[in-house]
> 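Quick one: structure below, then a few questions.
Just so it is clear: chains get the letters A, B, ... in the order the sequence lines come, proteins before strands, and each one is counted from 1.
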Amino acid sequence: MWQILKTASILTIFAILGGGLVAFSYQSTIEQIKINEREALLRTLTALVPKNTYDNDLFTDTKEIESELGVDNNLTIHLARKAGQPVAAILIPTAPDGYNGRINMLVAVNYAGILLGVRVTSHQETPGLGDKIDLRKSNWIRGFKGYSLLNPTDNGWKVKRDGGIFDQFTGATITPRAVVKTVHKTLSFYWKFRDKIFEPK
Amino acid sequence: MTQYAKITRDGLWDNNPGLVQLLGLCPLLAVTGTVVNGLGLGIATTLTLITSNVTVSLIRNVVPNEIRLPVFVLIIASFVTIIEMMLKAFYYDLYLALGIFIPLIVTNCSIIGRAEAFASKQPMDKAFMDGLMMGIGFTIALATLGGMRELLGYGTLFSQAELMFGQAWMTITVFDNYHSFLLAVLPPGAFFGLGLLIAFKNALKKS
């Protein structure tokens, strides 16, 4: 009986010590982790929207709108304004139909609806084939800059194999197809909800 | 041979966790797409091995035999969680590359293996040495396999080294205009590569 109690209390002491250590490190690193996450996102956001064109805090000026484009039906949008006037929006949609799961993206459009740029933030596409959507692997994703919902028209918003204007990669069609489709859908969404997106809080 | 020399030789070569004990295959095969990924996970594993070995050795006379395994698991899990937070706080870009594999260290059998087979029976200094050497041995196996796969797969070495060592480190492009060899990068390439490494090591032993 005493033996069991003794053993149990030793185990309890170790559990408390372990938990305490983890809690302590959490407390001492959480601030830095938040700063890192914020900086990583800001770095990508500022790469898409030129810094001198806006004067608000891109990171905190956000809006969430219900849409199937976003994760959990919730599309997050970062807004760029200058002197209160809308300049650009960065939407964070996800393509559900990648070759290997979801492809999370950033789509930046200026107020007039012209694409400032697209970036892939995370994906699990095949290394060497589908991962060319990642800027670290190829420049393909830069090719969206300057296009808009009406340029090209609906039929052009496809990869070349499907009769559109966007390149696919050798050996991978599904990945770029998913990206092109989601960019197109995001542009439609932007046009439909532009007023709501920039509505002051 | 002194005991330290034996521990060193065991960890690096005779009883290398990656190539001889074949423990920790899950992270070994999953992250070794590039040298830098291999090194990163290797260093994180080494830190875990050292901290867990030293702690297990320190408490070896306090913990009753019947609860030693739960206590070891508790210690290892706590240290891995702490290392993950540290990585996230101070090497965020590397964390982005390795992040999902860090929790896998908990499942790396070589850590609990060393705690049970070595650290729980030895004084602290030897346990520390064993953790360090086993860790380095594992890191060498990871980095070598990563190097083979990166060279064959992409034709480069040390790509994205700046994530770990800062801007001074540059990627070495070994073959220009290399058309990537996909198999080396995919999981089967990891198995082939590991098989070749083990065969090579065994051949050295025979001769």
> Among A:Gln3, A:Lys34, A:Gln32, A:Glu39, which has the most heavy-atom pairs under 4.5 Å with chain B?
A:Gln32
> Taking all atoms of both residues into account, what is the closest heavy-atom pair of B:Ser78 and A:Gly18, and its distance?
OG-CA, 3.6 Å
> Restricting to non-hydrogen atoms, name the atom on B:Ile67 and the atom on A:Leu11 that form the minimum distance, rounded to 0.1 Å.
CD1-N, 4.0 Å
> Rounded to the nearest 0.5 Å, what separates atom CD1 in A:Ile33 from atom CG in B:Leu87?
9.5 Å
> Would you say CD1 of A:Ile4 has more than 12 non-hydrogen atoms from neighbouring residues, nucleotides or ligands within 6.0 angstrom?
no
> Is it true that, when you exclude B:Phe200 itself, more than 12 heavy atoms of the residues, nucleotides or ligands shown sit nearer than 6.0 Å to its CZ?
no
> Evaluate the side-chain contact (heavy atoms from CB on, under 4.5 Å) criterion for residues B:Tyr92 and A:Glu37: first the C-alpha distance (whole Å), next the side-chain angles of each, then the deciding distance (0.1 Å), finally the verdict.
CA-CA 8 Å; B:Tyr92 190 68; A:Glu37 283 173 346; 3.1 Å; yes
> For residues 160-178 of chain A, pull every pair meeting salt bridge (charged side-chain N to carboxylate O under 4.0 Å, His left out), keeping only residues two or more places apart or in separate chains.
A:Lys160-A:Asp167, A:Asp162-A:Arg177
> Could you look at A:Ala15 and say if it's the side chain, the backbone, both or neither that has a heavy atom under 4.5 Å from chain B?
both
> Atom OH of residue position A:Tyr99 - does it have more than 12 heavy atoms of other residues, nucleotides or ligands inside 6.0 Å?
no
> For A:Thr7 and B:Glu66: C-alpha separation, side-chain torsions, deciding distance, then whether side-chain contact (heavy atoms from CB on, under 4.5 Å) applies.
CA-CA 8 Å; A:Thr7 317; B:Glu66 52 272 31; 4.0 Å; yes
> When you measure from the side chain of A:Asn36 to the backbone of B:Ala89, do you find a donor-acceptor pair of N or O atoms at a distance under 3.5 Å?
yes
> Counting neighbours of CG on A:Asn73 that are heavy atoms of other residues, nucleotides or ligands and sit closer than 6.0 Å, is the number greater than 12?
yes
> Return the minimal non-hydrogen interatomic distance between B:Val63 and A:Phe14, and the atom names on each side.
CG2-CE1, 3.7 Å
> Can you tell me if B:Phe192 has over 12 outside heavy atoms packed within less than 6.0 Å of its CZ?
no
> Counting heavy atoms not belonging to A:Glu64, are there more than 12 under 6.0 Å from its CD?
yes
> For B:Met85 and A:Val22, run side-chain contact (heavy atoms from CB on, under 4.5 Å): C-alpha distance rounded to whole Å, both residues' side-chain angles, the deciding distance at 0.1 Å, then the answer.
CA-CA 9 Å; B:Met85 287 181 204; A:Val22 170; 3.8 Å; yes
> Answer yes or no: does atom NZ of A:Lys192 have more than 12 heavy-atom neighbours from other residues, nucleotides or ligands under 6.0 Å?
no
> Can you tell me how far CE of B:Met86 sits from OG of A:Ser28, rounded to the nearest 0.5 angstrom?
5.5 Å
> Examine whether an atom of A:Tyr26 lies under 4.5 Å from a heavy atom of chain B, and if so say whether it belongs to the side chain, the backbone or both; otherwise answer neither.
both
